[in-house]
Amino acid sequence: MKVTLEQWRMLKAVVDHGGFAHAAAVVHKSQSSIHHAIQKMEQMLDVKLLEVKGRKAYLTDAGSLLLSRAEHLLESAASIDSLAASLHAGVEPEIAIAVDQVFPPEYIGNVLEQFSSEYPNTRIQLYETVLSGASEALIQGQVDLAIAGSGVSHFLAEPLFAVDFLAVAAPFHPVFKQYQQGQPLVVDDLINYRQLVTRDSALSKKVDSGWLQADERWTVSNIATATEMISRGMGFAWIPVTRMRRLLEQGLLLPIPLQTGGCRSEMLQLYYARQDRSGPGLKRLAELLHQCCDTDISNYSNIKSVFK
């Protein structure tokens with residue numbers, strides 16, 4: 001390379017700060033050193049980079065084009081320095097986390113946005129799981145953290161919050177006509193209607209969840225897909241309120257008025273693959289998850305008041 005990164009940095013400082021005097025203070029060089037460095041750059045590149053008008057130095061067209069390319073190099077070099085500093089401080093280069101789909105997507109979005117600003121050099125591998133998928137990811141060593149319901153044994157867990165699952169259908173679903181005719185509804189009355197079930201994402205030991213005795217049952221891989229199909233009147237399902245709060249508030253989905261069994265609750269837990277060897281990034285990510293749940297869970301804790 002004919003020109004060093006340090007020389008490009010000095011040129012950028014001259015342009016950003018409007019002259020050699022201010023640039024000298026920023027890069028901790030004398031004005032004469034900066035003058036000499038830029039002159040040498042122009043000689044080596046055989047291109048005029050700066051022109052002085054009055055007391056200010058301005059980029060030429062050629063200088064503007066070259067500096068715009070050099071700025072990418074300067075940013076990359078700064079990122080390398082920052083990454084090296086993070087690694088020296090013990091910050092993990094990558095963190096893998098499995099998140100059950102019942103966890104509110106806006107929560108994980110808020111948490112990862114904050115985490116990204118604090119740990120920009122740490123890559124995130126996010127696995128969205130269903131039922132025993134998070135447990136399998138932990139056991140197989142795929143993830144460092146997992147958010148899932150109870151039943152994941154042999155891993156240290158911390159409670160996050162309880163999620164209610166409601167049996168719901170679209171307002172025009174025939175099950176409500178049956179109820180309006182004065183017939184009290186029990187779970188067995190649903191046997192004649194299509195149930196939508198979300199498939200376990202685990203590849204080895206799969207788990208069924210919820211009442212599965214309907215004569216007709218459709219299985220999908222994503223809670224969002226099941227919720228969309230239910231809102232179109234294509235069936236019923238037990239859906240976590242964390243994935244349908246707005247639909248309930250808007251009256252696009254209604255809880256099925258079962259005498260018993262219409263609502264069940266599950267505690268979401270934060271599981272650690274190896275808490276004793278957690279680095280600063282992992283600890284901060286866990287802290288942000290707890291903070292988010294403690295702050296925002298009121299969005300869901302009073303959801304039953306929507307349809308009372």
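None of the values given here were measured: they were computed from a predicted structure.
Within the 4.5 Å cutoff, side-chain heavy atoms of E71 are placed close to those of L67. In this structure, I95 and Y119 have side chains that are not in contact, with every pair of non-hydrogen atoms separated by 4.5 Å or more. Within the 4.5 Å cutoff, side-chain heavy atoms of L50 are placed close to those of V15. At a threshold of 4.5 Å between non-hydrogen side-chain atoms, the residues F103 and L289 count as touching. In this structure the side chain of L145 reaches within 4.5 angstrom of the side chain of Y272, judged on heavy atoms. For the pair F176 and P171, the minimum side-chain heavy-atom distance is 4.5 Å or more. Within the 4.5 Å cutoff, no side-chain heavy atoms of L196 are placed close to those of T225. Taking 4.5 Å as the limit, some side-chain heavy atom of I256 sits within range of a side-chain heavy atom of F236.
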For this session: Mind running side chain to side chain donor-acceptor pair (under 3.5 Å) on S221 and R199 for me, showing each step along the way?
Result: CA-CA 5 Å; S221 299; R199 180 181 294 110; 2.5 Å; yes
Exercise. Does the pair S135 and S132 meet the rule for a side chain to side chain donor-acceptor pair (under 3.5 Å), with working shown?
Worked result: CA-CA 5 Å; S135 175; S132 57; over 6 Å; no
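For L253 against T227, the heavy-atom pair with the smallest separation is CD1-CG2, 4.0 Å.
Electrostatic pairing of R9 and E6 counts as a salt bridge here, judged by a charged N lying under 4.0 Å from a carboxylate O. We find that E228 and R232 are joined by a salt bridge, their nearest charged nitrogen and carboxylate oxygen being less than 4.0 Å apart.
Annotation: side chain to side chain contact (heavy atoms under 4.5 Å, CB included) contacts of M267 (sequence neighbours excluded): P159, A162, Q269.
A continuous path of ILVMFWY side-chain contacts below 4.5 Å connects I34 to V47, so both sit in one hydrophobic cluster. Taking hydrophobic clusters as Ile, Leu, Val, Met, Phe, Trp and Tyr residues chained together by side-chain heavy-atom distances below 4.5 Å, L65 does not share a cluster with L49. No continuous path of hydrophobic side-chain contacts links L254 to V186 [ILVMFWY only; heavy atoms under 4.5 Å].
Applying the side chain to side chain donor-acceptor pair (under 3.5 Å) test to pairs two or more places apart or on separate chains, none has a residue in residues 57-67.
In this structure, E113 places its CD atom where only 12 or fewer heavy-atom neighbours from other residues, nucleotides or ligands lie under 6.0 Å away.
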